[in-house]
Structures are given as structure tokens and as C-alpha cells.
Amino acid sequence: MASSPSVLLSSPPPTAKDGSRFIDSNYLQKQSHVPANFKWPEEDAASAQEELNAPVVDLEGFFNGDVVATDNAAKLIRSSCLSHGFFQVTNHRVDADLIQLAYDHVDDFFNLPIEEKIKVQRRPGSPYGYSGAHMDRFSSNLPWKETFSFAFQNGPEKTVADYFKFTIRKDFEQTGLVYQKYSEAMHSLSLSIMELLAIGLGVDRMLYREFFEDAVSIMRTNLYPTCQEPNLSLGTGPHCDPNALTILHQDLVGGLDVFVDNKWHKVRPVLGALVINIGDVFAALSNGIYRSCLHRAAVNSRKERRSLVFFMCPRADKVVKPAEELVRKSEGGTRKFPDFTWSDLLEFTQNHYRVNETTLENFTDWFLSADRSNFKPTHFKKSQ
């Protein structure tokens, strides 16, 4: 296992048997001051002063086959996606008891000793596994969090349950079964949202549902410990998700911020709601008509925060390209992005680039470059 990048900390972090140093929430919450490598630029970390009046879409009519209610939901989602790519949904038919059970199991993994957690540490080039503050990849602007990510593919195989049982250890079998069921519910809801996105764009209603039916998605649990200087650090920096669609359940502590009208807005947790945002893959599928959502996660000094995130991704070899009618509707009637696959974009974000708000633009330049090894980004922050 390679040693982590050097990090400037007020006291040494835990050391593994091979000499590598790792940081988890237990260590972070003991820091009285934010270490230098966890400090973010002031323009990135400045506190949001206003709340976002985010659209809340009631899905009850859609699930009941109500044509008028479905049309209204699609219009509300369209308006949101044309502006900032963010909305919330209620009456989504994800069992509240299942959501609570998923939260009950979050700490099962994060409370393990660091020696146990790093046994499933993320490997270079992979989005799956454990990460403590992303120290394995970066040495500055580190996020004040730890995460655990695993793959989900819909089908007869219980991929999530087996991962927990055989990769972590057998006594995590029940935790794996809970996240298997939660991931299945998220996949089903994602496909329903895809129908509404298609209706709003005026393409065949089943276009995106069929495209993502065999999706290989990423499920992630996040733990954001308390931070004594929350105005200096972030749980997650400003970025657009590179995947297609993200479904977030945030606990009632809050901390999600969205960038709208050139400033950051807080997103107040809505009891029973799920947060939805558009990612770069879907922005490309819509030929840029719908926007990726620029967002971040703030930290606080009072109470640690947890969240559950489902990142819907296309199967690795699926070609991402917009429907011809969307190209015709676009400004100038031209393609905004080249054909690419999810594996192409994943290669870029895992090995060549740190995800931010201009990932898709810089990926396009890298993808079309004749000399990728010497690629230098030319697109920079939109949030300044």
C-alpha cells in the first residue's frame, strides 16, 4: 500500500502497520484548529447566508398514473434543471423505515478501528472503498469527512450484500442486506426520475429509463465530524457530480449548499424528502440543456452529520450521446460534447483530475486532446 501524501496536522494521525498514516472522523473531531491542508480558499468556504427556495416535487400523482400531475411534476423538474439542476421529491415510495435502518447501520462501519477500515481502502483508479479525507489522492483542500462507497448493479445477484459479507467480514452480513435493499429502492426511484426528465425534455418517455436499466451505480455513506473552525474548512468542496443523477438523503443536521444566482444557498432538510441533483453525464445526454448542479457540504462545530448518497451511473461501456431532437433544440443546433463512455469519464476523474464545477468542460478538452499526458485544464471556477 502506498504512503499517503504529506499532511500538515497539529498532532500525528494514526499509523498503520505498514507505516502509512490515515485520518478518520475520530481523529478530526479532536482537532482544536483546522490543519493547514484542510483549509479551503475563502471564496470556497464562505458561509451561505440565504436559504434556497428549492422546488419540492410531489411524486404521488406520477406513481398513481395521473397524467396532469405527471405533467406538472415534469414541468417543475424541467424549470429546476434549466436553472441549477437541483430539486427535492416527496411521496417517493422509499420506505421511511428503510431509510432509518440505513442510517442505523452507518456507524457500524465508521466505528471500526482504523486498521479495519483501511483493509477496504479505495484503490487507485477506483471509486469504491473507504476514504478518510481523501488523503490517498490529495494533499491540499482536504474534505472534513470520511466516506465508504460500494457498487450496485440491479439484478439477481446481491452484489452489495455479498460485498459486505465477504470483503469486510461475515458479521456485516445484515448491514449488507440493508444497503442492498436501500440501493434497490434508489435504483427504482432513479428510473422513475429518468422518466420525468425525459418528459420535460420532450423525448420518448422511456428513453432514459431504458438507457439506465442496467446501470452500475455507486452507493456511498458519508460521515462529517464536528469542526471547531467550520468557516475555514468544508466537508466537500464545490463541485458538480460527474455521474448522471444523484439521490441524497441528508439527516436533519443539514449542511448541503447549492450555488444559484452567483451565490451559495443553504438547503434546509425537508422531513421525508429526498434531494435530487443532475450530474455531468445527464448534462451531456441533454446536450447541455439541463445543468449539472454545483454544490458543496459545509461542516459545523455542534453536531456531526451523516448522509446517504446514491450516484446513478451508466454501464461502463454505454455511449453517452444526446438524442438528435435535443441537438436540434440546442443553441446553434450543434453538439456540445463528444460521444464518450462512463469509463472514459471515470478514467479522467479518478486518474487525471479532481472533480470540481468545470469537470465536464475540461474532460471534453482532455478527451479530444492528441496528447492527454500533457493536458492542462483551461476551464476554471464558475463560483467566483
Is there a salt bridge (Lys or Arg N to Asp or Glu O under 4.0 Å) between R306 and D251 once you walk through the steps?
-> CA-CA 6 Å; R306 294 162 178 78; D251 63 16; 5.2 Å; no

For the pair E229 and H33, evaluate side chain to side chain donor-acceptor pair (under 3.5 Å) and give the outcome as yes or no after the intermediate values.
-> CA-CA 6 Å; E229 296 177 315; H33 298 287; 3.2 Å; yes

side-chain contact (heavy atoms from CB on, under 4.5 Å) between T70 and I199, intermediate numbers included | CA-CA 9 Å; T70 295; I199 294 169; 3.8 Å; yes

Given the rule in the side chain to side chain donor-acceptor pair (under 3.5 Å) test, do T236 and K145 qualify, once you have shown the distances and angles that lead to the verdict?
-> CA-CA 8 Å; T236 305; K145 67 176 178 180; 3.0 Å; yes

Applying ring-ring contact (aromatic ring centres under 6.0 Å, His included), run through Y163 and Y179 and close with a yes or a no.
-> CA-CA 10 Å; Y163 176 79; Y179 287 123; over 10 Å; no

Show your reasoning for whether salt bridge (Lys or Arg N to Asp or Glu O under 4.0 Å) applies to D95 and K181.
-> CA-CA 10 Å; D95 192 336; K181 190 172 182 181; over 6 Å; no

Before giving the answer on ring-ring contact (aromatic ring centres under 6.0 Å, His included), spell out for Y182 and F310 the whole-Å C-alpha distance, their side-chain angles and the decisive distance to 0.1 Å.
-> CA-CA 9 Å; Y182 186 85; F310 183 82; 8.0 Å; no

Give the intermediate values and the outcome of side-chain contact (heavy atoms from CB on, under 4.5 Å) for residues L189 and R93.
-> CA-CA 8 Å; L189 176 59; R93 297 198 173 178; over 6 Å; no

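Ion pairing between a basic and an acidic side chain is recognised when a charged N comes within 4.0 Å of a carboxylate O; K266 and D257 show no such pairing. Ionic pairing of R296 and D44 is not present here: no N-O contact between side-chain nitrogen and carboxylate oxygen is shorter than 4.0 angstrom. Between E50 and K263, at least one side-chain N (NZ, or NE/NH1/NH2) sits under 4.0 Å from a carboxylate O, which counts as a salt bridge. Here E195 pairs with R209 in a salt bridge; the nearest charged N to carboxylate O distance falls below 4.0 Å.
Of the possible donor and acceptor atoms, one in the side chain of H239 sits under 3.5 Å from a partner among the backbone N and O of G237. At least one donor-acceptor pair under 3.5 Å links the side chain of W144 to the backbone N or O of T226. No donor-acceptor distance shorter than 3.5 angstrom exists from the side chain of Y103 to the backbone of L98, with no hydrogens or angles considered. Not one N or O on the side chain of T359 forms a donor-acceptor pair closer than 3.5 Å with the backbone of V355.
None of F375, W342, F348 except one satisfies the ring pair (Phe, Tyr, Trp, His ring centres under 6.0 Å) rule with F363; the exception is F348. Looking at T221, T147, N222 one by one, the single match for side-chain hydrogen bond (donor to acceptor under 3.5 Å, both in side chains) with S307 turns out to be N222.
Atom NZ of K318 has more than 12 heavy atoms from other residues, nucleotides or ligands within 6.0 Å. By the 6.0 Å contact criterion, CZ on R268 is open, its count of non-hydrogen atoms from other residues, nucleotides or ligands being 12 or less. Around the CG atom of N53, the shell of radius 6.0 Å holds no more than 12 heavy atoms that belong to other residues, nucleotides or ligands. Within 6.0 Å of the CD atom in E42, the count of heavy atoms belonging to other residues, nucleotides or ligands does not exceed 12. Within a 6.0 Å radius of CG in D261, other residues, nucleotides and ligands contribute 12 heavy atoms or fewer.
With contacts defined as side-chain heavy-atom distances shorter than 4.5 Å, the pair E184/V160 does not qualify. Inter-residue side-chain proximity for R137 and Q350 is flagged as met; some heavy-atom pair is nearer than 4.5 Å. Between L285 and F211 there is a side-chain heavy-atom pair separated by less than 4.5 Å. No side-chain heavy atom of K165 sits under 4.5 Å from any side-chain heavy atom of F172. In this structure, R335 and N287 have side chains that are in contact, with non-hydrogen atoms separated by less than 4.5 Å. When side chains are defined from C-beta on, I289 counts as touching S330, because their heavy atoms get closer than 4.5 Å. Using a 4.5 Å cut-off on side-chain heavy atoms (C-beta onward), L308 and L248 make no contact. Between Q174 and H105 there is a side-chain heavy-atom pair separated by less than 4.5 Å.
The CD atom of Q228 sits 12.0 Å away from the OG atom of S233 when rounded to the nearest 0.5 Å.
A donor-acceptor contact closer than 3.5 angstrom is absent between the side chains of N37 and S140. For H134 and S131, the side-chain atoms include at least one donor-acceptor pair closer than 3.5 Å. In this structure, a donor-acceptor pair under 3.5 Å is absent between the side chains of Q153 and E157. E146 and S25 share a donor-acceptor pair across their side chains, judged by distance under 3.5 Å alone. Defined by atom type and a distance below 3.5 Å, a donor-acceptor pair is present between the side-chain atoms of N277 and D241. No side-chain donor from either of T341 and D317 sits under 3.5 Å from a side-chain acceptor of the other. Side-chain contact annotation: T358 with Y353, donor-acceptor N/O pair under 3.5 Å present. No hydrogens or angles considered: nothing links the side chains of D162 and T159 as a donor-acceptor pair under 3.5 Å. For the residue pair N362 / D365, no side-chain donor-acceptor distance below 3.5 Å is found, with atom types taken as modelled.
Taking the ring axis of Y128 as reference, the NZ or CZ atom of R122 does not stay both within 45° of it and closer than 6.0 Å to the ring centre. Both tests do not hold together for K117 against F148: distance to the six-membered ring centre under 6.0 Å, angle to the ring axis within 45°.
The aromatic ring centroids of H187 and F152 lie less than 6.0 Å from each other. Here the two rings, on F164 and F109, have centers that are 6.0 Å apart or farther.
Ring orientation note: the planes of H352 and W366 are tilted relative to one another, at an angle of 30° to 60°.
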